[in-house]
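Here's the structure, in structure tokens; my notes come after.
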Amino acid sequence: MNIFRFAGDMTHLISILILLLKIYATKSCAGISLKTQELYALVFLTRYLDLFTDYVSLYNTVMKIVFIASSLAIVWCMRRHPLVRRSYDKDLDTFRHQYVVLACFVLALLLNEKFTIQEVFWAFSIYLEAVAILPQLVLLQRSGNVDNLTGQYVLFLGAYRGLYIINWIYRYFTEDHFTRWIACVSGLVQTGLYADFFYYYYLSWKTNTKLKLPA
Amino acid sequence: EEAEIDHDEL
């Protein structure tokens, strides 16, 4: 464990908690893509199949449970909470995410560390995390609504990606046999998509600030 | 002996 990875995990967790608290506090999920949140929950559920079989460390186990619980809590809030679900932009959140799930699964069958159930699902979760932001990106382009996507959320999400890439560079230079091609290549694609999301976030935020007429 | 795959990252 290095400081970059620890900080990356913390900023990732904080970004999820910020979103969950924002939805819970405002009882609104306007501008948030349920499909992206469902994909994130699927990422954690398929990545942590080894939760009960392989024990890496207490930190690892606790964080896995927290990630699964917080991502499912967001999906539950957006689907079941009587007040929150009313503000869901159902007719704008129309990205066909089932095709993305299928494509990632087929890719995982072809490209994985080892052709076992656990490894195929692990690779699937890595590919899926890279493209999970797409429904949110499309919704943001359509709605331009950043009410619930606070700047802090975007900031911590960006920090998570940046710190993980630094972590991989650090491990590459300090560990002799560090090769995580699947995670690194997919992580770079993910960071590229996040950069695109941040760009549209900035455009929407700038437009909104202009729209708010001076009092 | 194949290198054990360890997914220690979250």
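Chain naming here is simple, since letters A, B, ... match the order of the sequence lines and numbering starts at 1 in each. These values consider heavy atoms only, across backbone and side chains, with no hydrogens, waters or symmetry-generated copies. These numbers come from a predicted model, not from an experiment.
Of the two parts of A:Asn60, the backbone and the side chain both hold a non-hydrogen atom closer than 4.5 Å to a non-hydrogen atom of chain B. If you measure heavy-atom distances from A:Phe67 to chain B, the contacts under 4.5 Å come from the side chain alone. Looking at A:Tyr59, only its side chain comes within 4.5 Å of chain B, counting heavy atoms on both sides. For chain B, no part of A:Asp54 is nearby; none of its heavy atoms comes within less than 4.5 Å.
Across all non-hydrogen atoms, the minimal contact from B:Asp8 to A:Arg171 is OD2-NH2, 3.0 Å.
The environment of CZ in A:Phe198 is crowded: more than 12 heavy-atom neighbours from other residues, nucleotides or ligands sit within 6.0 Å. Within 6.0 Å of atom CZ in A:Phe52, 12 or fewer heavy atoms from other residues, nucleotides or ligands are found, so the atom counts as exposed in its surroundings. In A:Ile117, the CD1 atom is not crowded: 12 or fewer heavy atoms of neighbouring residues, nucleotides or ligands sit closer than 6.0 Å. Atom CZ of A:Phe178 is surrounded by more than 12 heavy atoms from other residues, nucleotides or ligands within 6.0 Å. The neighbour count for A:Phe121 CZ, taken as heavy atoms of other residues, nucleotides or ligands under 6.0 Å away, does not exceed 12.
Here B:Glu9 does not pair with A:Arg47 in a salt bridge; the nearest charged N to carboxylate O distance is not below 4.0 Å.
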What verdict does the side chain to side chain contact (heavy atoms under 4.5 Å, CB included) test give for B:Leu10 and A:Phe44, after you've listed the backbone C-alpha separation in whole Å, the side-chain angles of each residue and the deciding distance to 0.1 Å? CA-CA 9 Å; B:Leu10 288 172; A:Phe44 293 131; over 6 Å; no

Could you check B:His7 against A:Glu113 for side chain to side chain donor-acceptor pair (under 3.5 Å), going step by step and ending with a plain yes or no? CA-CA 11 Å; B:His7 296 310; A:Glu113 304 264 2; 5.3 Å; no

